[in-house]
Amino acid sequence: MKLSVIGCGYLGAVHAACMAELGHEVVGVDVVEAQVASLRRGEAPFFEPGLPEILTSAGESGRLHFTTNVTEAAEATVHFVCVGTPQRRGEMAADLTYVDAAVESLLPVLKPGDVVVGKSTVPVGTAERLLTRVREAQPEATLVWNPEFLREGKAVADTLHPDRIVYGVTDGPAGERAVEVLDEVYAAAIGEGSPRLVGDLATAQLVKVAANSFLATKISFINAMAELCEAAGGDVTFLADAIGLDDRIGRHFLNAGLGFGGGCLPKDIRAFMARAGELGVDQTLSFLREVDAINMRRRVRMVDLAREELGGSIQGRRIAVLGAAFKPDSDDVRDSPALNVAAQLGLQGADVVVTDPQAVANAQRKWPDLSFADDVEAALRDAELVLTEWPQYVALDPEHVGSLVSQRRVLDGRNCLDAERWRAAGWTYRALGRR
Ligand code: UDX
């Protein structure tokens with residue numbers, strides 16, 4: 001099929017490459033020239049495992065093309081809208097400027113039978129508004145919502161083999177035809193058995209924010225338990241293991257630590273609360289305010305723990321922060337808990353050195369006043385540490401790194417180190433929610 005993908009950031013670049021990999025002819029459109037130039041060279045403009053390989057193979061197949069010129073989308077019959085919906089500055093609501101601009105830019109190229117497919121995470125009601133614009137421009141085109149659930153770091157696999165496919169369509173023949181068109185687009189995944197659910201426009205938009213709110217709530221729940229464990233002398237990892245064995249609860253997303261960050265969960269729960277307010281049901285989601293507050297408190301607690309460990313003052317003390325991305329296998333530092341803690345420590349006078357296998361350049365752009373090291377050995381020289389779960393940090397040999405630091409003190413921000421092993425090597429090991 002001939003597809004266009006409007007917006008070639010994390011979501012769009014991966015979607016475009018994966019769709020071409022599946023055999024479709026894809027044109028990716030973005031307004032940022034540098035982004036397009038890099039994708040044309042087959043280079044991913046961000047770190048995402050597996051993406052460079054499929055960019056190359058899809059590019060060589062001749063089925064994948066990138067451009068800044070939206071008129072090149074005119075040949076496609078299915079147009080995916082994959083632009084970002086960041087948090088509005090100084091507000092909780094989502095900024096829909098890019099989604100609106102993407103759809104407006106498509107209107108002149110729409111032909112009878114074309115399907116515009118919204119994938120961006122939007123406040124419920126956006127799709128209905130955009131559908132009106134599409135119908136005004138081309139009465140025989142339609143719009144559907146098809147939320148994306150990909151996780152950074154696993155984006156390629158999540159796109160090629162999604163755990164579910166959700167369509168939100170209008171009633172009547174246009175909606176029915178759109179379902180047929182999307183079924184053809186996703187034939188490979190549907191053939192593999194990915195469940196495919198068809199609902200209305202409103203629910204499809206809600207599914208995405210509901211899923212992310214649930215995940216955020218699960219993380220904040222376990223982090224609230226971590227606060228209790230700290231107060232009562234318990235161990236939150238043991239607690240998570242024990243409650244997680246109940247199938248109804250499940251162990252996934254019960255890892256206590258610095259909490260959630262990234263470009264989705266934090267802004268999505270805030271935008272959801274803002275939208276609920278507009279719909280007159282603000283009380284319904286007031287618990288998400290607490291979910292957000294628990295999450296942000298973990299960062300403060302980590303800074304306090306560092307101060308406590310250093311005998312009450314962090315002024316001038318050298319602290320190595322291992323991991324700046326919001327999670328492993330990503331170079332994304334948007335709302336990164338680790339980088340936020342590093343910045344707080346720096347602002348409070350500590351001599352902080354941050355390292356990360358992929359995110360140093362992005363982190364440096366965000367916090368130019370912090371010091372950065374390219375490798376872990378340089379960062380560790382003379383220090384204490386805080387970390388994300390990059391496998392290479394989890395695998396560090398406490399004996400070896402013990403010879404680099406001036407004091408063997410480790411703060412495990414993600415509860416991912418083997419505490420006994422580090423203690424046996426003479427380290428003072430502390431973590432959130434553990435004795
Ligand atoms: C999330 C959703 O998982 C995905 O379905 C959606 O499409 C986009 O938002 P992502 O932002 O890539 O994906 O990250 P995710 O893997 O969900 O992790 C979010 C944050 O929660 C990370 O900072 C992670 O470190 C943290 N986290 C995750 C925890 O603190 N504890 C956990 O148990 C799990």
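Throughout, numbering of the chain's residues begins at 1 and tracks the sequence. Order of appearance sets the numbers: ligands from 1, and atoms from 1 within every ligand.
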Exercise. Indicate, as side chain, backbone, both or neither, the part of Lys208 found under 4.0 angstrom from ligand 1 when only non-hydrogen atoms are considered.
Key: side chain

Quiz item: Which atoms of ligand 1 have any heavy atom of Glu148 under 4.0 Å away?
Solution: 7 (O)

Quiz item: Hey, does Gly262 sit under 4.0 Å from ligand 1 if you only count heavy atoms?
Solution: no

Quiz item: So which heavy atom in the protein is nearest atom 7 (O) of ligand 1, and how far is it from that ligand atom?
Solution: Leu150 O, 2.8 Å

Quiz prompt | Phe326 N/O to ligand 1 N/O under 3.5 Å | solution = yes

Quiz item: For residues Glu377 and His400, is any side-chain donor paired with an opposing acceptor at under 3.5 Å?
Solution: yes

Quiz item: At the 4.0 Å heavy-atom cut-off, does Gly259 count as touching ligand 1?
Solution: yes

Quiz item: Under 4.0 Å from ligand 1, counting heavy atoms only, is it the side chain of Arg414, its backbone, both or neither?
Solution: side chain

Quiz item: Should the proximity of Ile222 to ligand 1, defined as any heavy atom under 4.0 Å, be assigned to the side chain, the backbone, both, or neither?
Solution: neither

Quiz item: Of the backbone atoms (N, CA, C, O) and the side-chain heavy atoms from C-beta on, which set of Asp268 has a member under 4.0 Å from an atom of ligand 1: side chain, backbone, both, or neither?
Solution: neither

Quiz prompt | Nearest non-hydrogen protein atom, atom 16 (O) of ligand 1 | solution = Lys327 NZ, 2.9 Å

Quiz item: What part of Asn255, side chain, backbone, both or neither, has a heavy atom within less than 4.0 angstrom of ligand 1?
Solution: both

